[in-house]
Amino acid sequence: MARRLCRLPRLLLPLAAAPRPQPRLPALNPSPAALLRPSSSPTPTPTPSFPAFPRLFSSSSAGDSSMVVVGSADSFEDIHAKVQVEKLPAVFYYTAVWCGPCRAMAPVIEKMSRQYPKIPVYKVDIDMEGLGTRLSNLKIFSVPTFHFYHKGEKSSEVVGADVKKLEAAMESLHKQQ
C-alpha cells in the first residue's frame, strides 16, 4: 500500500519568505458598440477573489486534548528547545492546509491527542514565515511528517498518512514514559 504524502520543494526558504502575488484577470475586449457609446466612468477591471483555506487543524476547547497549535517560528524554536533541554516526551506534527493527506490525518491525530493527554502534540504549519531553514535542518521534505521525542531525543519518525505506523509510534512513546 502506497503512503500518501505531499512532497515539498527542496528550497523551502524562498517559498516561505516570498509574498504570493495575486493574479490579475486580463481586461475583457469590449464590443464595437461599447467603443462607440460614450462612457461617463470607466468600467473597473474585475479582481479575482480566492477563498482562504480553512484551518482545519485546531486545538480542542474541551481541554482534554494535548494538541498545541504553534503560532510562530519563534514559538516553535522555544518549544523545540524546551523539549530537548528538559528531556520531555512530545510529538511534532508538521502539516499544511493545502495538503490532502494532512487533512485526512487531522481527525486521527486529534483522537490520539485525546487518548494520550500526557504527551503533547505540537502542530506546526510548514507555511509559517521564518520556518524554511529550520525545516530543512530537520529534514522535513514531505507532509504530513510526525517526529516523536523521548527524553529530549527524536526516537522515531512517521512520514505520510500511515495511520497504523502513527498509532504504533504513539503507543511506543506512551509505553516508554
Taken in chain and number order and not counting sequence neighbours, the residues that satisfy side chain to side chain donor-acceptor pair (under 3.5 Å) with Thr145 are none
To the nearest 0.5 Å, how far apart are CD1 in Ile109 and CE in Met67? 5.5 Å
Output for pair (Met112 CE, Ser66 OG), nearest 0.5 Å, gives 11.5 Å
Measuring from Leu88:CG to Lys118:NZ, what's the distance to the nearest 0.5 Å? 14.0 Å
Please step through side chain to side chain contact (heavy atoms under 4.5 Å, CB included) for the pair Phe146 and Lys165, ending with a clear verdict. CA-CA 10 Å; Phe146 302 89; Lys165 280 186 183 178; over 6 Å; no
Could you report the tightest heavy-atom contact between Pro144 and Ala161, atom names first, then the distance? CG-N, 4.1 Å
Minimum heavy-atom distance Ala169-Ser156, with the two atoms named: CB-OG, 4.0 Å
Are Leu131 and Ile126 packed together at the side-chain level, in the sense that at least one heavy-atom pair is separated by less than 4.5 angstrom? no
Table please: side-chain donor-acceptor pairs of residues 76-83 below 3.5 Å, with sequence neighbours left out.
from  : atom 1 : to     : atom 2 : distance (Å)
Glu77 : OE2    : Arg134 : NE     : 3.4
His80 : ND1    : Arg134 : NH2    : 2.8
His80 : NE2    : Tyr149 : OH     : 2.8

What do you reckon, are the aromatic ring centroids of His147 and Tyr94 less than 6.0 Å apart? yes
Working note: Ser75 + Ser72, criterion side-chain hydrogen bond (donor to acceptor under 3.5 Å, both in side chains); need CA distance, chi angles, decisive distance, verdict. CA-CA 5 Å; Ser75 64; Ser72 69; 3.2 Å; yes
Is there side-chain contact between Val108 and Val163, with heavy atoms separated by less than 4.5 Å? yes
Using side-chain heavy atoms (C-beta onward) and a distance below 4.5 Å, is Val68 in contact with Lys123? no
Rounded distance [0.5 Å steps], CD in Gln176 versus CD in Glu171: 11.0 Å
Could you tell me the separation between the OG atom of Ser155 and the NE2 atom of His150, rounded to the nearest 0.5 Å? 7.0 Å
Any side-chain heavy-atom pair from Asp127 and Trp98 closer than 4.5 angstrom? yes
Taking C-beta and beyond as the side chain, do Leu135 and Phe141 meet within less than 4.5 Å on heavy atoms? no
Partners of Lys111 by salt bridge (charged side-chain N to carboxylate O under 4.0 Å, His left out), sequence neighbours excluded? none
Spacing of CG belonging to Leu173 relative to NZ belonging to Lys175, to within rounding of 0.5 Å: 12.0 Å
Side chains of Met170 and Val121: does their closest heavy-atom pair fall under 4.5 Å? yes
Could you go through Val70 and Val124, starting from their C-alpha distance and side-chain angles, then the distance that decides it, and tell me whether this counts as side chain to side chain contact (heavy atoms under 4.5 Å, CB included)? CA-CA 5 Å; Val70 178; Val124 182; 4.0 Å; yes
